[in-house]
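In what follows, a structure is listed as structure tokens, so that the remarks can point back to it.
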2 protein chains.
Amino acid sequence: MATIEDVAKLTGLSRTTVSRVINNHPYVSEEKRKLVLEAMEKLGYVPNSSARSLRNQKTSILALFIPRITNPFFSELVEATEIAAAEYGYQLIICQTRYSPEKELNYMNLLKTKQVDGVILASIQNEWKKLKPFLQYGPIVLCNEFDDRANVPTVRLDQVYGGYIATKHLLEQGHTKIAYCSGGYRSNVAKSREIGFKKALAEYKVSFHEQYAFRDAFHIADGKRVFQKMMELSERPTAVFTGSDEVAAGIISEAVKCGYRIPEDLAVVGFDNQAITELTNPTITTVHQPVKQMAQKAVDVIVEKIQTKKYETKEIYEFPLQLIVRASTLGSKLHQREA
Amino acid sequence: MATIEDVAKLTGLSRTTVSRVINNHPYVSEEKRKLVLEAMEKLGYVPNSSARSLRNQKTSILALFIPRITNPFFSELVEATEIAAAEYGYQLIICQTRYSPEKELNYMNLLKTKQVDGVILASIQNEWKKLKPFLQYGPIVLCNEFDDRANVPTVRLDQVYGGYIATKHLLEQGHTKIAYCSGGYRSNVAKSREIGFKKALAEYKVSFHEQYAFRDAFHIADGKRVFQKMMELSERPTAVFTGSDEVAAGIISEAVKCGYRIPEDLAVVGFDNQAITELTNPTITTVHQPVKQMAQKAVDVIVEKIQTKKYETKEIYEFPLQLIVRASTLGSKLHQREA
DNA sequence: GAAACGAATGAAATCGTTTTCATACTTATA
DNA sequence: TATAAGTATGAAAACGATTTCATTCGTTTC
């Protein structure tokens with residue numbers, strides 16, 4: 001493990017000059033520069049990251065908080081974030097909170113101990129007042145998830161609109177008994193979608209019954225469970241809005257198994273536009289989220305905050321969502337009746 | 001940002017004593033210990049990671065190399081690795097090589113610059129001789145992917161057996177015209193599966209034609225493409241072995257679109273036992289890989305290597321694979337004829 | 001009662017960088 | 001020609017922890 005001192009000795013120069021060469025600082029003669037570069041090459045010298053971090057008060061590492069990476073939406077977010085971070089020379093540490101407030105707070109210490117230069121929260125498990133104190137140690141940027149009380153940059157998608165267009169699409173197909181599925185009571189993403197969902201219903205003068213709401217659906221298995229619950233209802237819904245394609249796929253899978261025809265007996269709309277939406281039979285109508293753009297923007301913003309050291313600024317960057325119509329909602333019984 | 005010096009001053013003690021308290025070292029009186037803990041609390045003091053890393057020559061960070069995280073197999077591997085690492089107090093940096101040897105070598109510098117304590121390679125893009133020199137800087141553990149020339153601990157699955165059981169299953173169904181699909185020429189995982197594939201064919205005295213081989217199939221789209229290619233053949237295969245459930249799903253999706261019945265017209269076997277295998281119609285026969293166990297073992301091993309500092313030891317830990325039979329191979333035309 | 005030992009503490013060195021400040025030399029400017 | 005301005009370099013101080021070594025004090029032990 002050669003150090004800068006070794007390079008200095010080999011060249012007969014000082015550490016200062018070697019450091020200048022490493023960091024491309026001015027005021028080094030071409031002659032000495034070459035000498036240093038040769039010595040570095042010869043010794044296989046590479047600057048030690050920890051020493052640099054300590055001296056520069058900067059680790060070039062970002063932390064990305066997600067509930068779990070096996071959710072394809074978050075996989076895609078991680079992929080895009082890692083690529084964007086790498087462009088700026090940042091490494092990415094993955095923090096899976098697994099929906100646990102304790103785990104989230106624990107990971108937050110990465111900021112406090114200066115192991116990372118900043119935190120991107122793509123999910124939030126604690127009240128903002130619990131997270132806010134960490135702002136004194138470094139920037140926090142919200143990405144995907146958000147909180148109105150949070151006085152930090154937020155990069156998000158227009159989830160109200162997302163819930164609205166998906167639901168409106170079902171209403172346009174003639175449905176009035178529409179169930180609502182989402183993941184998590186805490187999530188403002190889910191809450192916003194529900195606002196959009198209800199807004200669409202209101203516009204069509206369709207009332208909503210709380211028995212049609214399932215707010216604890218995350219996985220495929222939850223989708224299957226939800227379908228069974230819906231079947232137990234005296235008045236079964238003819239369409240269902242879901243907060244993820246996984247849940248939608250679970251519902252469809254279970255429905256088909258029970259002899260239901262999709263969309264004739266039950267129209268299903270998913271969310272995320274995951275690969276799976278084109279592989280199921282029928283294919284799944286869904287809402288596309290511009291994950292790459294969102295991730296890129298979040299990294300752009302946090303890098304800027306790290307540089308300017310202004311962490312408490314409420315800036316909101318919002319990207320639009322897009323409805324992708326596929327087979328799971330088209331040509332439903334109700335629609336055909338009307339035609 | 002309080003430092004250890006601040007705590008020392010507030011308590012009237014030395015940095016040494018404070019450090020002893022932080023690290024639970026002996027020879028600190030209960031009285032002083034309390035004093036220090038109170039001061040730490042009062043100042044909101046937390047040890048600085050960079051300073052610790054520098055002094056201890058240890059970052060408590062591991063790097064995990066994968067081609068891309070959106071492949072569900074790797075998502076699962078990342079999830080399990082992150083959890084296992086966290087148990088040991090390690091953070092996980094994600095390195096997506098995107099199948100690029102240059103990117104891989106570049107990420108390897110994390111080891112050289114001491115930004116991480118060890119590297120887990122779940123995919124390999126360079127020849128081993130290019131990677132080997134990095135061993136002088138820290139441990140490398142192979143996990144999933146492997147290389148016979150590599151003199152480092154390897155945690156892997158019995159891929160030859162995996163290829164064998166999947167193919168044997170197809171042969172037992174009466175198939176003789178079996179196509180072979182895999183991802184990557186470089187990968188020894190793929191090569192091993194092919195060995196198992198051919199071993200099964202040989203046992204059943206079935207010959208293999210190179211025109212049935214498609215060795216560049218990674219994604220869903222590749223599966224669709226492969227199906228089209230197969231259709232162009234004068235003698236079409238009646239079954240196909242694939243290296244991933246994504247590819248299998250792609251083939252099935254395209255086949256169904258073209259009016260093919262699965263498995264009657266084409267039996268398909270996937271690999272990985274991803275969630276998708278139970279969502280497609282028909283469900284997909286596949287090979288289950290014990291990813292969690294593998295990840296846990298890889299972390300166990302690398303943590304041990306970091307401690308013992310013995311990096312060049314050829315140890316092989318192998319876990320078994322398991323065939324999961326579902327609808328995409330059962331009751332094929334050939335099988336029914338025989339019955 | 002002296003020697004030996006263990007417990008409690010601190011001063012200073014160390015980890016490997018970067019940066020500040022000082023110094024020396026060269027060249028341009030008045 | 002004296003002065004200012006720029007160029008090139010190095011010594012030493014930081015960054016914030018841990019550890020080595022020395023010192024002091026109290027308690028055994030013979």
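Here is how names work: the chains are called A, B, and so on, in the same order as the sequence lines, proteins then strands, and each is numbered from 1.
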Do we see a donor-acceptor contact under 3.5 Å between the side chains of Ser100(A) and Glu102(A)? yes
Rounded to whole angstroms, how far apart are CG on Leu35(A) and C1' on dA8(D)? 14 Å
Please work out if Val21(B) contacts a base, only the sugar-phosphate, or nothing of the nucleic acid, heavy-atom cut-off 4.0 Å. nothing
dT17(C) phosphate, OP1 or OP2: any side-chain N/O from Ser19(A) under 4.0 angstrom? no
Taking atom P of dG16(C) as reference, at what distance in whole Å does atom NZ of Lys112(B) sit? 16 Å
In whole Å, what is the span from the CG atom of Leu54(A) to the C1' atom of dC15(D)? 4 Å
Using heavy atoms to find the nearest nucleotide of DNA chain C for His25(A) and Tyr27(B) separately, return the residue whose nucleotide is more 5′. Tyr27(B)
Sorted by position of nearest nucleotide on DNA chain C, 5' first, the leading residue of Gly12(B) and Thr16(A) is Gly12(B)
Please determine which of Arg156(A), Lys297(A), Lys305(A) meets the salt bridge (charged side-chain N to carboxylate O under 4.0 Å, His left out) test together with Glu315(A). Lys305(A)
Taking any heavy-atom pair under 4.0 Å as a contact, classify Val7(B): base, sugar-phosphate, or nothing. nothing
Taking only N and O in the side chain of Thr17(A), is any of them less than 4.0 Å away from OP1 or OP2 of dT9(D)? no
Hey, does the side chain of Ser29(B) come within less than 4.0 Å of dT9(C)'s phosphate (OP1/OP2), counting only N and O? yes
Take atom CG of Leu13(B) and atom P of dA11(C), then tell me their distance rounded to the nearest Å. 10 Å
More than 12 heavy atoms from other groups under 6.0 Å of NZ on Lys34(B): no
With a 4.0 Å limit, can you tell me whether Gln57(B) has a side-chain N or O closer than that to the phosphate oxygens OP1/OP2 of dG16(C)? yes
Salt bridge (charged side-chain N to carboxylate O under 4.0 Å, His left out) involving Glu79(B) - partner list, sequence neighbours excluded: Arg98(A)
Side-chain N or O of Arg15(A) closer than 4.0 Å to phosphate OP1/OP2 of dT18(C): no
Nearest-Å distance for atom pair NZ/C1', residues Lys9(A) and dT17(C): 15 Å
When the distance from CD of Glu31(B) to C1' of dT9(C) is rounded to whole Å, what number comes out? 12 Å
By the 4.0 Å heavy-atom rule, please label Thr3(B) as base, sugar-phosphate, or nothing. sugar-phosphate
Please confirm whether the shortest side-chain N or O distance from Lys32(B) to OP1 or OP2 of dT9(C) is below 4.0 Å. yes
For the pair made of NZ in Lys58(B) and P in dG16(D), what is the distance, rounded to whole Å? 22 Å
Considering non-hydrogen atoms only, spot the tightest contact between Asn144(A) and Val189(A) and give its length. O-CG2, 3.4 Å
Comparing Asn56(B) with Arg20(B), nearest DNA chain D nucleotide closer to 5' gives the residue Asn56(B)
Rounded interatomic separation in angstrom, taking CZ from Arg55(A) and P from dA17(D): 16 Å
